[in-house]
Participant: 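I'd like to ask some things about the structure below.
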Amino acid sequence: MALRVYNTLSGEKEVFIPLIPGRAGMYVCGVTVYDYCHIGHARANVVFDVIYRYLGYAGYDVTYVRNYTDIDDKIINRANREGVDYRTISDRYIRAFDEDMERLGLAKPTVEPKATDHIGGIIAIIEALIAKGHAYESEGDVYYAVETFPDYLKLSKRNLDEMKAGARVEVGDKKRHPMDFALWKDSKPGEPWWQSPWGKGRPGWHIECSAMSMEFLGMTFDFHGGGKDLIFPHHENEIAQSEAANGCQFVRYWLHNGFVNINSEKMSKSLGNFFTIRQVLEKFDPETLRFFILSAHYRSPIDFSDQNLDEAQAGLERIYSFLAALDEILLENPAPPELPAGESPTGAGQELQDKLENLIPRFCEAMDDDFNTAQALGVLFDVVRAGNRFLAETGAPAPAGLSLIARTRDRFAEVGQVLGLFGSRPAAWLEGIKSSKADQINISPAEIEGLIVERAEARKAKNFKRSDEIRDLLLEKGVQLLDSAQGTTWKIR
RNA sequence: GGCGACGUAGCCAAGUGGUAAGGCAGAGGUCUGCAAAACCUUUAUUCGGCGGUUCAAAUCCGCCCGUCGCCUCCA
């Protein structure tokens, strides 16, 4: 089945046909590096990371460009406030961004260009726009004349006259039309500047993306992504700049992710209701956050709350517990790589085998439908259930069963690669969750272990009163005991 | 005011014409000394409401109600 993606430009799902067969070019607007990233950034970057990975998995040779906007009013303001050079600010937050993304398990894009390394390209585009009559200089600034571009607002599907009427933009004397936007800004004293045909100045906000995407992906490329809030004005302006300068289509498929909400309201800096990635990761495991993000379709809003994160963690624990059980069996019983001839599984084994055969096709079907990770995760849970049933029904695994278990484990690794999940050793991951939860409980692991030993002795002596006492005591403190043939383990409720 | 999105079980969430995935939580059962975990069964005759199109609608159309977003920097 063919990959279908929702294209903001057409407002419909379309079959993806690459510009160059077998290849895919993708540009995603990165961050303006003036502060720590919040979980809205986490969502956008995780979503496009999975899209990047899936395109690669589907066989495309992907060029993924994700920029840093490292020159901007907000960076300059912050630098002035701290009394440092703007590069001190941008370097600091580029590093912070890289750390955050690494913790969230993001794959490195093909290129991560910085706006300030592309001033030459920016100036070249502005010159072309002036030459073609789409831009004009005004007292050291250069503006894009939106009225010269008939397709303006085709992405956000707005109307220029209505925008103009309701515009809260200052109608500066420098602009011919209130909706015109700056391509180049005259630099004020003390601000960073670059030499240009219009004097010392710096680029406007939107032009850097046109320059960097053209540099690495060409004048026309396949995918351009970002948060929904970038549709207007950022992406609209990119289209205007690039298409007017190059005289050809800019982007073939526009992808936009939905917001992260807090109590059903958009999380944003201006509302002050935001959490940084760092804050969240103090409390939650990074993979849990990633799992939470992928549990909804990328275009839907998701509501961030402790309860929703806890539920996501419970779901991820279910999968990791299953994988840990598989690993334990495989560690003790080397599995034959192929199903032994003449041995076909029955009962739960047959069911697991069927689910397993359908796993990749169903996974791809979900992902081919506009990267439906929520549905894809549902497919995985289906296999987990069949696998658990198989494990419950099978005592000592026979070769056929071991082969099945080994293949199940392989498939989860394969799919996990695409989603950026399940990369940890399951036992270690579960242990990590346990110990982080244990920090929130007023009993030490050593004490717990001691009580477990005492309880085991009581049980051996059939002193169930005492053993239950211990169990209830621990439960009261939030520690749940798990008895098995191999002994007793525990987890935090 | 203009434009747009969404409303599916207690909660989260898939599902864009063919008779409601999955997860969390809950209930009953198997297992267990008793529990927990795991497994089994179960929890929406129904998809905000009202009409319409169709053999057939959560899915298409219209209206209404509700929630949210964009129109200013924002992932």
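Keep in mind that what you see is a predicted model, and the values were worked out from it rather than measured. Chain letters run A, B, ... following the sequence lines, proteins first, then strands; residues in each count from 1.
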Participant: Short of 4.0 Å, heavy atom to strand atom, which residues of residues 72-81 of chain A count as contacting RNA chain B?
Facilitator: Lys74(A)
Participant: Let me check something: any side-chain donor-acceptor pairs from residues 470-478 of chain A under 3.5 Å, sequence neighbours excluded? List them with distances.
Facilitator:
none

Participant: Ring centres within less than 5.5 Å and planes less than 30° apart: is that true of Phe381(A) and G22(B) in this structure?
Facilitator: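 Whether judged by distance or by angle, Phe381(A) falls short somewhere, so it does not stack on the base of G22(B).
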Participant: Please report the distance separating the P of C71(B) from the corresponding atom of C64(B), rounded so that it comes out in whole Å.
Facilitator: 26 Å
Participant: Taking a pair as Watson-Crick or G-U wobble with both distances under 3.5 Å, which nucleotide is matched to A5(B)?
Facilitator: U67(B)
Participant: Going by purine N1 to pyrimidine N3 plus the second Watson-Crick contact, or the G-U wobble pair, all under 3.5 Å, which nucleotide sits opposite A44(B)?
Facilitator: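 Per the H-bond distance test, none.
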Participant: Rounded to whole Å, how long is the line connecting atom NZ of Lys157(A) with atom C1' of C71(B)?
Facilitator: 15 Å
Participant: Whole angstrom is fine here: how far is it from CZ in Phe97(A) over to P in A75(B)?
Facilitator: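 After rounding, the gap between these two atoms is 10 Å.
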Participant: Leu183(A) versus Tyr143(A): any side-chain heavy-atom pair under 4.5 Å?
Facilitator: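 Not in contact.
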Participant: State plainly whether the residues Glu365(A) and Arg362(A) are in salt-bridge range, i.e. N to O under 4.0 Å.
Facilitator: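 So Glu365(A) does not pair with Arg362(A) through a salt bridge.
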Participant: Verify whether one side chain among Tyr54(A) and Asp49(A) offers a donor that lies under 3.5 Å from an acceptor in the other.
Facilitator: no
Participant: Side-chain donor or acceptor of Asp229(A) under 3.5 Å from a matching atom on the base of G69(B)?
Facilitator: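 Side chain to base: no pair below 3.5 Å.
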Participant: In the strands shown, is A37(B) matched to any nucleotide by a Watson-Crick or G-U wobble pair with both distances under 3.5 Å, and which?
Facilitator: none
